[in-house]
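Presented below is the structure to which this report refers.
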Amino acid sequence: MAQESKVQKEAKNQRYQEYVKQVTPTHPLPVNMLKAFVTGGVICTIGQAILDFAENSYGLDPDAAGAWCSMTLVFLSVLLTGLNIYPLAADWGGAGALVPITGFANSVAAPAIEFQKEGQVFGIGCKIFTIAGPVILYGIFTSWLLGIAYWAARSFGWI
Amino acid sequence: MAEAIGAQSIQFSQPPYILSSASVVGTKEGEGPLGELFDVVGADDKFGEESWEEAESTLQKEAATLAFGKADLAKEDVRYIFGGDLLGQNIATTFGLMELGIPLFGLYGACSTAGEALILASMAVAGGYADNVLAVTSSHFASAEKQFRFPLEYANQRPLSSTWTVTGSGAFVLGAKRGNVRVAGATPGKAVDYGVKDSMNMGAAMAPAACDTIYRNLVDFGRKPEDYDKIVTGDLGTVGREILLGLLKEKGFDISDVHMDCGIEIYDSKEQNTNAGGSGCGCSAVTLSAAILPKLEHGAYRRVLFVPTGALLSTVSFNEGQSVPGIAHGVVLEYAGE
């Protein structure tokens, strides 16, 4: 049997992948967006309620109220992750559950629970940021870059 | 002695027999359409162990022990074990079967390992190297997710083409003594790569390999699809099944009437939220043991081609941008009663 050339093979793979794309079902985008909107909206409304409660009932200033709001949402997310309820919200609501701070909390809590069996150091210690790590690293890196840009712009008197 | 036929197949002139089999599964599989057929459904998916990996080891040990009992054999009567799982360095197999004290061949063929184990076990018996051997494979949803994807509690949305790893282990005792089901032949498969890079669409990655092995089997044995009562693939799921039928049609074989996929059978995809179906090297093994072998034993099926399919990826190869090659091993099972 003659070996197919590299070009022939690539063409065959290309054809196959187009065919695969045709037959592979995907989540319908408008429905998904609507579900994400509802889920994210509910989470943010809860956040707003906590914020209002902290400001109005406890008389906290906006900064302190904001901190309490974040902490409460993170705590609720970690609790619901431990009870295995948060993944259900994400299964239904997609990015609506992933993008708010609660999604970030989930991505740290989940590895902590899973890798506990591998020990405090090599399990939880090494693996707790396996999902959130890139966000933290590149988040800090990007803010550092922006900081330099800001500093340069001020030094040159542009802003 | 066994005979090599065609380009890559084997026809045993003294075929080994499947003397017994056993299936042990988790709760979700127990709630599925085949639930009542399995030998043991675990009360919880930890099977009384501390970790998911130990739970999977226990699955294998339970399945093996149960299969020995059904064949009326003591473990001393079994000469070799051919076993495998999906975890790195085959830890579920090693830690599960170590206590049995039987010489062990640890195998890795991703989800096709059930086929690989059955073929090698058959060759050992047909070649006269052993009277009785065991073929056993397992997978566990939680240990597989942890190794290949995300921690269980991590919130993400699974694509519709994704499959759900079966928690279960299937064990098969093969021997030279006459039984009701014989392994008449086999078509070991090649690793086939069509450049699929989506690890959440394993059906598409494996369908070309399944097509290649089934095509080779039909040509090598000079058979038509109708010569089989069933052609059973391992875990292509709904997406992979559609592609397989299409690919084989292009090559001139229409298997749509006789095709069945263990991954589609094992779950109710709508009710159980499993998307394209089940997967894992426990999927094909427990379905063969619980749903297919009983029909072969009573002659309801006369001849079945069992083709477990595997996606040969690791998180390293995936992260380094490699595609996902597939592999499929064909095992010809025949009714041998009368």
Side-chain angles (χ1 to χ4, degrees), chain A residues 1 9-17 19-28 32 35-36 39 77-78 80-100 102-118 123 127-128 130-132, chain B residues 7 46 49-55 142-143 145-147 149-162 192-198 200-209 211 236-247 250 269 273-276 315 319 323-326:
Chain A
M1 200 169 66
K9 194 175 172 207
E10 270 168 19
K12 184 189 74 182
N13 287 358
Q14 188 76 34
R15 268 203 312 281
Y16 182 68
Q17 269 143 52
Y19 170 55
V20 166
K21 218 171 166 185
Q22 268 173 31
V23 298
T24 303
T26 49
H27 291 287
N32 248 26
K35 285 176 167 178
T39 311
S77 169
V78 171
L80 291 177
T81 300
L83 297 172
N84 228 339
I85 294 169
Y86 201 79
L88 300 178
D91 190 44
W92 191 84
L98 297 183
V99 175
T102 47
F104 193 73
N106 163 266
S107 75
V108 179
I113 298 169
E114 189 79 303
F115 294 108
Q116 188 202 349
K117 289 284 180 303
E118 294 177 28
K127 291 179 178 162
I128 192 165
T130 43
I131 303 167
Chain B
K46 277 253 168 90
E49 300 292 343
E50 285 292 306
S51 70
W52 301 121
E53 290 75 14
E54 285 169 353
S143 60
E145 284 293 305
K146 183 172 159 185
Q147 164 148 330
R149 297 182 193 103
F150 294 115
L152 271 197
E153 295 81 6
Y154 176 59
N156 65 339
Q157 202 171 37
R158 310 169 68 84
L160 295 178
S161 57
S162 69
V192 178
D193 186 3
Y194 273 35
V196 172
K197 292 206 168 170
D198 181 1
M200 288 302 232
N201 193 353
M202 294 204 293
M206 300 185 294
C211 167
L236 291 180
T238 44
V239 179
R241 169 187 151 92
E242 194 178 335
I243 298 173
L244 171 68
L245 297 184
L247 289 175
E250 269 178 32
S269 136
N273 194 21
T274 49
N275 295 329
T315 45
N319 286 343
S323 53
V324 183

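What's counted below: heavy atoms across the whole structure, side chains too, no hydrogens, waters or symmetry copies. First the proteins, then the strands, lettered A, B, ... as listed; each starts at 1.
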Fill in the blank from the handout: Honestly, the part of A/Glu10 sitting under 4.5 Å from a heavy atom of chain B is neither
Handout entry: Results of ring pair (Phe, Tyr, Trp, His ring centres under 6.0 Å) for B/Tyr154 - residues two or more places apart only
Key = B/Phe150
Problem - Segment of A/Tyr86 engaging chain B (4.5 angstrom heavy-atom cut-off) - result: both
Handout entry: Heavy-atom contact with chain A under 4.5 Å, split by part of B/Glu53
Key = neither
Handout entry: B/Glu153 side chain vs A/Thr81 backbone, donor-acceptor pair below 3.5 Å
Key = no
Which donor-acceptor pairs under 3.5 Å do the side chains of residues 19-26 of chain A make with protein atoms, sequence neighbours left out?
residue	atom	partner	partner atom	Å
A/Thr24	OG1	A/Val20	O	2.6
A/Thr24	OG1	B/Asn201	ND2	3.0

Practice task
Determine whether B/Asn156 and A/Pro87 make a side-chain contact, defined as any pair of heavy atoms from C-beta on separated by less than 4.5 Å.
Solution key: no
Problem - Interface moiety of A/Lys9 toward chain B, non-hydrogen atoms closer than 4.5 Å - result: side chain
Exercise for the section: Look only at the side chain of A/Glu114 and the backbone of B/Leu152, and say whether a donor-acceptor pair between them is shorter than 3.5 Å. Expected result: yes
Exercise for the section: Hey, could you give me the NZ/CG distance between B/Lys197 and A/Asn13, rounded to the nearest 0.5 Å? Expected result: 10.0 Å
Handout entry: Part of B/Asn275 within contact of chain A (heavy atom distance under 4.5 Å)
Key = neither
Exercise for the section: Kindly say whether B/Ala155 contributes a backbone atom to a donor-acceptor pair with the side chain of A/Asn106 at under 3.5 angstrom? Expected result: yes
Handout entry: Gap separating the OH atom of B/Tyr194 from the CD atom of A/Gln14, nearest 0.5 angstrom
Key = 14.5 Å
Problem - Part of A/Asn84 lying under 4.5 Å from any heavy atom of chain B - result: side chain
Exercise for the section: Supply the atom-to-atom distance B/Gln157 CD to A/Leu98 CG, rounded to the nearest 0.5 angstrom. Expected result: 8.0 Å
Exercise for the section: Return yes if some donor-acceptor pair links the side-chain N/O of A/His27 with the main-chain N/O of B/Arg158 below 3.5 Å, else return no. Expected result: yes
Practice task
State whether A/Lys117 and B/Glu54 are salt-bridged, where the test is any N-O pair (Lys NZ or Arg NE/NH1/NH2 against Asp/Glu carboxylate O) under 4.0 Å.
Solution key: no
Practice task
Output the distance between atom OH (A/Tyr16) and atom CG (B/Leu247), rounded to the nearest 0.5 Å.
Solution key: 5.5 Å
